[in-house]
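Here the structure comes first, spelled out in structure tokens, and everything after it is commentary.
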Amino acid sequence: MNPAGEVFELVCFREADGAATLGEPTLAFTWFPGHAWRHAVCRSCRAQLGWRFEGPALFWGLIRRALQWP
């Protein structure tokens, strides 16, 4: 849940070729201690897909309902 009370179901990936990051990394309200986050958006349409987390590990936390599965 984010600070606004929205609940997200995340799927975590090492790579997300169709995603790009926006903004500078921040530790504010991080869900993963020691990991800063940035917004993750679709490279094509710029819709929010989730977040990229940077810290001891680097991974993408993408919102399940924002993804299109083959």
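Everything quoted here is computed from the prediction, not taken from an experiment.
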| said: Quick check: Trp51 with Trp31 (ring centres under 6.0 Å apart)? | reply: yes
| request: Work out which heavy atom in Cys42 is nearest to a heavy atom in Cys45; give both atom names and the distance. | output: SG-N, 3.5 Å
| remark: Distance col, row Glu9:CD vs Ile63:CD1, nearest 0.5 angstrom, shows 11.0 Å
| message | When you measure from the side chain of Arg43 to the backbone of Asp17, do you find a donor-acceptor pair of N or O atoms at a distance under 3.5 Å? | response | yes
| field | Side-chain heavy atoms of Leu62 within contact of Phe13, under 4.5 Å | value | yes
| field | Side-chain heavy-atom pair Arg65, Phe8 within 4.5 angstrom cut-off | value | yes
| task | Say whether, by atom type as modelled, one donor and one acceptor occur between the side chain of Thr30 and the main chain of Ala36 under 3.5 angstrom. | result | no
| request: Would you mind checking if Arg38 and Glu24 are paired as a salt bridge, meaning a charged N to carboxylate O distance below 4.0 Å? | output: no
| query | Hey, any chance Leu49 and Phe59 share a hydrophobic cluster, counting ILVMFWY side chains that come within less than 4.5 Å of each other, even indirectly? | reply | no
| said: Just so I know, are the side chains of Leu10 and Trp60 near enough to count as touching, which here means a heavy-atom distance under 4.5 Å? | reply: no
| request: State plainly whether one hydrophobic cluster holds both Trp37 and Leu22, where clusters connect Ile, Leu, Val, Met, Phe, Trp and Tyr through side-chain heavy atoms under 4.5 angstrom apart. | output: no
| Is there side-chain contact between His35 and Glu54, with heavy atoms separated by less than 4.5 Å? | no
